[in-house]
2 protein chains.
Amino acid sequence: MGEVLPRAERRRRTEGRILDAARSLFAEVGYERATIRAVAGAAGVDPALVMQYFGSKQKLFQQAVRVTPADGGEPGADEVVEHVLGTLGVKMGELPQSSLAMLRSMLTHPEAAASARRLLGEQIDRVAGSLSGDDARLRASLMTLVMLGVTVGHQLLELEELRGVPPEEVARLLRPGLRALAGPEAP
Amino acid sequence: MGEVLPRAERRRRTEGRILDAARSLFAEVGYERATIRAVAGAAGVDPALVMQYFGSKQKLFQQAVRVTPADGGEPGADEVVEHVLGTLGVKMGELPQSSLAMLRSMLTHPEAAASARRLLGEQIDRVAGSLSGDDARLRASLMTLVMLGVTVGHQLLELEELRGVPPEEVARLLRPGLRALAGPEAP
DNA sequence: TCGTTGAGTCAACGCCTGTTGAGCGAATGG
DNA sequence: CCATTCGCTCAACAGGCGTTGACTCAACGA
């Protein structure tokens, strides 16, 4: 039953299991409460191995929340709104564990905060690029923060008011407000 | 110089100093990183005294984030929007330390999460009460979460994009979107 | 086949945490 | 004035944490 694997492959898989366990735990309970021992336990491995592979808890966290920049689309005038709706979590079940891990710790762990600022900054840049006006950047920030608030309430706080609400409905309700923030450029 | 105070008064003041120190630290670094030793140090007091007065770190936190329910206004049809704008932090420098302490830890500390859910729930109830339609509660939730997102971005993450922006401007930009969420009842 | 590599474990370290109990000394009240 | 209360400190405990070094043993390469 248990197949015998070559060393390299075995290593890869174990490292992957540790990383998955780390992502789950960081996403569920945040940086401080996710202990290396718990991560190791969830991955079926000795705590010392986690250290040997990743060097420190800090570096493990960095690896766990490292996110593929993905995206890169240059959205038109006001598909920005759709872009914003799609990006930060209104496709609501779909946020990757790595993002949740980062968001969960962003208020209490300095490095997670830095990551969050960087990620939100990039998102703001993208949105602001499709807006015009001298307060474009401010409006882009608010659009992004609107999505952040909804995401936090839904995914992290798990407010019962949002449980089971179809993403399209939330998107439908949010759209007019986001359009208003996007500005008067579209006819 | 140092005036000699009666025992009761001395006790009251020390307790107050501890509570203030606790609020500051909880607000700055969150529940886990705010150690009893650090709180005691900031209050100029022995750690054991904190325990003696408050029983446990948990109870100290409860006291520190206990918020006077205040408010209670029954706003009319669409002053709801103004109410929402005023309540959760667009009077942006003005959020009390106790609220910041709760918000800072709400994603990582179970009890802070519970407090946050309760507080947001009450806010949602108030807002939903002034709305109509069968999705009133959902719309009220989104209005509240919009404000939460902006507050988190501004007060907790301290995004540079919002630094020094006058509250009225944020309110002005947010208003149309919130109005849209409040619904079509006002002419 | 045999020495070497490297995946994985074990037991321990030092540190910091929340929490406790004994004690000191000044304000209190009869 | 004396016994008592009580604000406050000191020193220590037990437990959990990140981290480390020595070790085991199966896969590897020549």
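Just so it is clear, the model here is predicted, and its values are computed rather than measured. Letters A, B, ... mirror the listed sequences (proteins, then strands); counts begin at 1.
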**Euclidean distance, atom CE of residue B/Met51 to atom P of C/dA22 [Å, nearest integer]** = 16 Å
**Message:** I need the CG-P distance between B/Leu60 and C/dG18, as an integer number of Å.
**Reply:** 10 Å
**Rounded interatomic separation in angstrom, taking CZ from A/Arg10 and C1' from C/dA7** = 8 Å
**Request:** Evaluate the side-chain proximity of A/Leu107 to B/Leu157: yes if any heavy-atom separation is below 4.5 Å, no if none is.
**Result:** yes
**Fill in**
Considering only heavy side-chain atoms of B/Asp46, the closest of C/dA7, C/dT9, D/dC10 is D/dC10
**Request:** Could you check how far CD of B/Gln52 sits from P of D/dC8, rounded to whole Å?
**Result:** 9 Å
**Prompt:** Between B/Glu32 (CD) and D/dG18 (C1'), how many Å, whole number?
**Reply:** 16 Å
**Item:** Pair A/Arg163 + A/Glu160: basic N to acidic O under 4.0 Å
**Value:** no
**Gap between atoms NZ and C1', on B/Lys59 and C/dT20 respectively (whole Å)** = 14 Å
**Message:** Can you measure B/Leu25 atom CG to C/dG18 atom P for me and round it to whole angstrom units?
**Reply:** 11 Å
**Request:** Would you tell me if any nitrogen or oxygen in the side chain of B/Thr14 comes within less than 4.0 Å of OP1 or OP2 on D/dC8?
**Result:** yes
**Request:** Verify, without hydrogens or angle tests, whether B/Arg23 (side chain) and B/Gln97 (backbone) share a donor-acceptor contact under 3.5 angstrom.
**Result:** no
**Message:** Strictly distance-based, threshold 3.5 Å: is any side-chain N or O of B/Arg139 a donor or acceptor partner for the main-chain N or O of B/Leu181?
**Reply:** yes
**Fill in**
By nearest-nucleotide position on DNA chain D, the 5'-leaning member of B/Gly44 and B/Arg7 is B/Arg7
**Request:** Ignoring hydrogens and angles, answer whether the base of D/dG16 and the side-chain atoms of A/Arg37 contain a donor-acceptor pair closer than 3.5 Å.
**Result:** no
**Complete:** All heavy atoms of B/Ala180 vs all of A/Gly177, minimum pair found to be CB-N, 4.5 Å
**Complete:** Walking DNA chain C from its 5' end, the first of B/Ala8 and B/Gly55 to be reached, judged by nearest nucleotide, is B/Gly55
**Message:** Any base atoms under 4.0 Å from A/Tyr53, or only sugar-phosphate, or nothing? Heavy atoms, all strands.
**Reply:** sugar-phosphate
**Asked** Where each residue is assigned the nucleotide of DNA chain C containing its nearest heavy atom, which of A/Glu15 and B/Ala48 is assigned the position nearer the 5′ end?
**Response** A/Glu15
**Item:** Integer-rounded Å distance: D/dA26 C1' and A/Leu5 CG
**Value:** 13 Å
